Each structure stands twice: as C-alpha cells, then as structure tokens.
Trainee: 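First the structure, then my questions, so here it is.
All values reported here derive from a predicted model rather than from experimental measurement.
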Amino acid sequence: MQILSNLHTFLHLFRLRKELKLATSSISERKWSAQVIQPIHSDVTLYIVQKETHSIVHSSRYGSIGFDWLNSVSAHSIMTTRLLSRWVHWLPHYPRVATASVRLKSSITYIAPLSAPRSCIHPFVRHFCSPNNLVNKEEPSATDESSKSFSELLSNATTLAEVFQIWNDHGALTNDAAKCLLTLQTFPLIGGILVYPGYMNMFDTLQRDVESLSDENLVRLPQALSNINLPFHGPLQSTIQQELVLRIRKLSYSQLSFLLQWVDAQRSIGLENEQLTTTLLKLLELRWVELTDTQSLLILFKRASLFTPSFREKLDDKVLELAERFSAWDSQKVASILILQNRRALSLLKAITYYLNLKEISELPIKLLLDIVYAYARLNFTPVPFLNKIASELLGKLEKMDPLDVCRLAKSMSILQYVNKPLFSGIAQVHKALKDSFQNFNPITRLHLVWSLCILKQATSHHISSVTTQEFVNELFELTGQVCKSEFYHLKLLNVIAYDKLELAEIVREPIPTILVPEYENGEILVDSKLKFLDLEEFQAPHLPGGGGQKTLPNGTRRIAFLALDYSAFCLNTNELLGMFLMQKRHLQHAGFIVVEVPHFEFMLLKGSRQKVAYLQDKVKKAVAENVAK
C-alpha cells in the first residue's frame, strides 16, 4: 500500500509538471523580479525565480510585494496561478511530501528541495487557505522561545556584570545584543560603556547584521545608545540611523512617535540627522489618521512646534476626540503642555476638566490634584464646580500633606482668587506643625509663608525676624535676579515690615536699609472737622519719607485714603476682598487713615465727572460718619 501511495503521488506531480511546463512556456520571454509566493503548506513553499539568474530568493529585506504583480500579467500567467491553486488544494492530502520550491525556467520546470531554513523566510507572510478552513497561525518557533527566555534572564539581572554574563553565555542574535543594550541603559555606567569588557562583541553583532533587528528594538536603540553616552556620529549610531531611514516607512505610527522623542532631544542639543528628521516629520503628518493611542498623541502634542500650523490644529482636534480615554495623569500632562506652550486653549481645558470631573476624585493622588490646580492657576482657568470638589477632598487630607504641598495649594488658590473658607481655615492651622522647621526652607518659600501668615494675622515676631535680616535680604535678591521679580519680593518684604510695625505693636527692630513703609493708597486727602480740604504739603506727614510739612495737624483733622479696587482685588465671583487687600486696608487704618473703598463695579457705572465727584463726596461722608460712630 505504501508503494501504491508513493506511486500515486509521483503520477500527480508528474502530471502537474507537464501542465506547468505548458503554461509557463508562453511567458518564458518575460523578466520577472524575484517574488516570494507565500507558504501554502506547513512543509511546502513556492517561489518564482528571476529567469536570468535562476536563483531562489528566500526573503525580501524590506517586505514581500505579495500578489499585486498579478494585475499586470497576461492571461497565460493567470492560468499558471490557477494551476498553482489546484496544487494547493491537492497537497494537504499528502503530508509526507518533502519541502520543495518551484523554479520556472524557459522550458524546464522541476521540484527542488528547499535548503534554506524557515527563519530566512520574511516574517510578514500570508498563508493560502484551504477550501473550507483558514490556515491556523504558526506555532511559536524555537527561536521565539529562546528569545523569550533570553528576555526573562535580562529582566532578572540586577547588575551590569550579570547583563554581560548573560550575553556571553546565551547571546547570539542581533536582537539579543539590542536587548542587552536596552537593559544596560537602566544601570549607572561609571566612565561610560567603553570601560566594560564585552561591549565590542555586542557592537559587532549589531553592525554585522543590523537589518535583522526587529522594528521595536530598532526604534528604541538610538535612545539607549545616547543614554550610554555613545557618540551621535559614531559608527554604530550612524548604522542604526541609516537603517531607520531605510525602514522608516514600514514602522507603525506609535513607533514613529516614539522615535520623535529621541530626534527632538538630539535637536535640542544641536545634533540632527536631517534626512531622518525630515522624513519622520513628513510621515507623521501624512499618516495622522493612524493616530489613535493617547501616548503617541501626547508625544506629538508636546512637540507641536515641530509641525506645520495645519497639523497643529489637527492635534488639537485629536485631543478633543481622545479626551474621554485620557487617564487623570494624561489630562494633567495636557494642561502642563499648554503651560509650556504658553497657550490658553479653553476648548481643551474645558474638555479635560469635564472628564476629570466624571472620575472618582477620592481615588486621585494628592500630587495629581495639586498639579491640576497649579496648571489652572498658570492658565487663569477657574472651573468653580471642579475646584469645589478638589477643595472638599483636600480638606480632609491637610494633616497628611507635606508643608510644601500646602504652600503650593495656598498659592495656586490665591492666584485663582478662589475662596473656600473651610479649606483656608484648615491651611491656616498647618503652620503650627512646622514649629522651627520653616527656617530650613529656601528664602523664597520662607518669605511666601511669613507673608501669608501676616495676611492671616497669625505671624509672630519669630516669623518676622527670620525674613527681616540683612543677610536674608541679600540672599533673597541673589536668588530672584530679575528686576521685576526683585520688586515683587521687595513689596512682600514691605508688607511684612508694615505688619510688624502697625499690627504687632512691638518694639521696632533695627530698620533694614532701602526698605520704606509701603504706599498702599491710590489717593489721599486731608480734611478738617467740617470736611473742607487742607493742603497736604503744609502739614506734618509721619508716614511719608520726608515727614511732610512743618505745621501740626489741627484738632478734628482727618486723613482719608482712597483704595481703587479693580477686578483682581476680589475673590472669584464675589465682592469679598482678597487677603492682600484686606491687609493693606488694615495697615492704613492702623496708621490713622480713614479708608474709602472705590470698587470697579460701582465706579464704572457712573457717567460724567459730576456723578463721579458726587459719588466720592458721598463715600467720604459715610466713611467719616462711621469713624465718628466708632
């Protein structure tokens, strides 16, 4: 029976050989490029071979062209394909047939054993199908299993020596060398990789067979080589970059976006492969419809300045489209990127806030909430309902928060002009836990803390003395540097000194040079007991640097200070003054002034100078009457 079965097989093969000979003789004059005909059976692979060389092509370096060429061939070649399909349906009945390949020559057709290993065939191949069932995917090969085990060994390595030992004992393939280098970058390389034995073998393996690298390893290698301080224009880096240029069009979109991180980092330090950069940016723009994952979107969104204005608009649209899939950290990254770009994109801010508001806020980390509030403060975006949820959540966690985090929270909320009295009352109690540890803060943070305590009327002489020494002032201005910042901190120091002199009512310490009592008022008048104006320059004024005139103030004379209060002086969506302006008002009252507030929402409604003069006169009379009543 075995002899009959083999004979039957031979007769069928012989018959097909004749049919193929007749079919291919009519196209013998055509010159076909070497094309891989996909595996049609677990043991049989068909190849069409170039006529002149008659050499079997096992794989294509940059991918199989497939069967697109069939669209342009003659009817005879189509007949050939149909015969091959008949052979496909017939072969599964004879699993013992040896591995073979078909070689087409002008008048000779024969079946030859395939000597190349199966790993030589290009991995991106498509199997023919049997009449009723799809061919199952191949089982993992021995190479895949060994690669997996090699990766497991590297993941368990804890030292550089172990990585090199694993390479020496088990490494053989180019991808193994790439994995070792990717692992090496996670360890501190004292003196660079060149001082470690065994690195040359890895480099040689990579350079010798770089085309066999997987796409994933190829994309990750440039960053790894940079992390181990390998020169940008060195032989290995140049080889990897050239391979990327050749293979870049077959990379996935996520791989292209990952590669952009390294390209942008190198550009920032003056190193660039212009061909690689140009091609990469062009492909990212042309294939933007493939942008479907959030991580790739964030990478591109952060580097939007590299792209054209039209593509930047598409990135904004993608952020709106994928905002629902963002994690809380992704939303925070979008806000941080907007800060770096100095963009107040309201549509994006509203979108990420909407989906953040839908999340369970109790599950979000404290650091994340603080970062979000800080981003809102920098971008001047105040979503009150969401801020209320954050304030309620943080109120119960104040005791667990680091003091510096509490300072960050208070500063961000003050920039937003957001008021939540329970939260701020809790923040005001936190400083008691600091005791003397605030002395270890840097000068800027320490000044912010003391200034805030002055606003809350909780600063002590111990706090004041820590920021009013000449040594502290010199150190502060050295850190701030810029003139505008120096003036900002100079004003805060004036506020602290005024609090010390006017509210603490303690012994005045030695004054600091160049620091004067701050001028809070926007306008000042002097009136007698009948509310008639007096000349300011004739009478003494202790609060002024020159001391004013020579005459003493008559009895019943009153100093009146006007405070012009614009939108920035009030808490968000209220008519309550911010703490800084309340402190200014207190200081003026302690200095003997009657304070007249002129809020913007009242004064802007007045028409003409007569209405404005009448408004101010009425304000002065009411303020004097209240002062007399006290």
Trainee: Would you say Thr460 and His463 are linked by a side-chain donor-acceptor pair, where the criterion is simply a distance under 3.5 Å?
Mentor: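 Distance-only check passes for His463 and Thr460.
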
Trainee: Could you give me the CA-CA distance, side-chain angles and deciding distance for Asp405 and Lys397, then say whether salt bridge (Lys or Arg N to Asp or Glu O under 4.0 Å) is met?
Mentor: CA-CA 11 Å; Asp405 289 338; Lys397 299 180 179 179; over 6 Å; no

Trainee: In terms of side-chain heavy atoms, does His590 have a donor or acceptor partner in Lys501 at a distance below 3.5 Å?
Mentor: no

Trainee: Are more than 12 heavy atoms, taken from residues, nucleotides or ligands other than Asn342, located less than 6.0 Å from that residue's CG atom?
Mentor: no

Trainee: Do Gln295 and Asp330 come close enough that some side-chain heavy atom pair is under 4.5 Å?
Mentor: yes

Trainee: Tell me if a side-chain donor or acceptor on Tyr253 pairs with a main-chain N or O of Leu284 at a distance below 3.5 Å.
Mentor: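 Yes, Tyr253 side chain to Leu284 backbone: donor-acceptor pair under 3.5 Å.
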
Trainee: Is Lys619 salt-bridged to Glu602, going by a charged N under 4.0 Å from an acidic O?
Mentor: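 Between Glu602 and Lys619 there is a salt bridge, with a charged N closer than 4.0 Å to a carboxylate O.
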
Trainee: I'd like to know whether NZ of Lys318 has more than 12 heavy-atom contacts from other residues, nucleotides or ligands below 6.0 angstrom.
Mentor: yes

Trainee: Is the closest side-chain heavy-atom distance between Arg267 and Leu306 below 4.5 Å?
Mentor: yes

Trainee: Under a 3.5 Å threshold, yes or no: a donor from one side chain and an acceptor from the other, between Glu478 and Asn474?
Mentor: no

Trainee: Within a radius of less than 6.0 Å around CZ of Arg287, do more than 12 heavy atoms belonging to other residues, nucleotides or ligands occur?
Mentor: yes

Trainee: Please check if the number of heavy atoms outside Lys359 that lie under 6.0 Å from its NZ is greater than 12.
Mentor: yes

Trainee: Are there more than 12 heavy atoms of other residues, nucleotides or ligands under 6.0 Å from atom OH of Tyr354?
Mentor: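 Atom OH in Tyr354 is not packed in, count stays at 12 or less.
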
Trainee: Other residues, nucleotides and ligands only: do more than 12 of their heavy atoms fall within 6.0 Å of CD on Gln341?
Mentor: yes

Trainee: Is atom CD of Glu274 surrounded by more than 12 heavy atoms (other residues, nucleotides or ligands) closer than 6.0 Å?
Mentor: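 For Glu274, atom CD is not crowded (no more than 12 foreign heavy atoms under 6.0 Å).
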
Trainee: Mind running salt bridge (Lys or Arg N to Asp or Glu O under 4.0 Å) on Asp371 and Lys333 for me, showing each step along the way?
Mentor: CA-CA 9 Å; Asp371 290 344; Lys333 288 178 183 177; over 6 Å; no

Trainee: With side chain to side chain donor-acceptor pair (under 3.5 Å) as the criterion, how do Gln332 and Ser336 come out once you've worked through the C-alpha distance, each side chain's angles and the decisive distance to 0.1 Å?
Mentor: CA-CA 6 Å; Gln332 184 271 332; Ser336 300; 2.8 Å; yes

Trainee: For Lys411, look at atom NZ and say whether over 12 heavy atoms of other residues, nucleotides or ligands are found less than 6.0 Å away.
Mentor: no

Trainee: How about Tyr418 and Tyr376: are their ring centres within less than 6.0 Å of each other?
Mentor: no

Trainee: Is the shortest side-chain heavy-atom distance between Ser331 and Tyr355 below 4.5 Å?
Mentor: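 Counting from C-beta outward, Ser331 and Tyr355 never come under 4.5 Å.
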
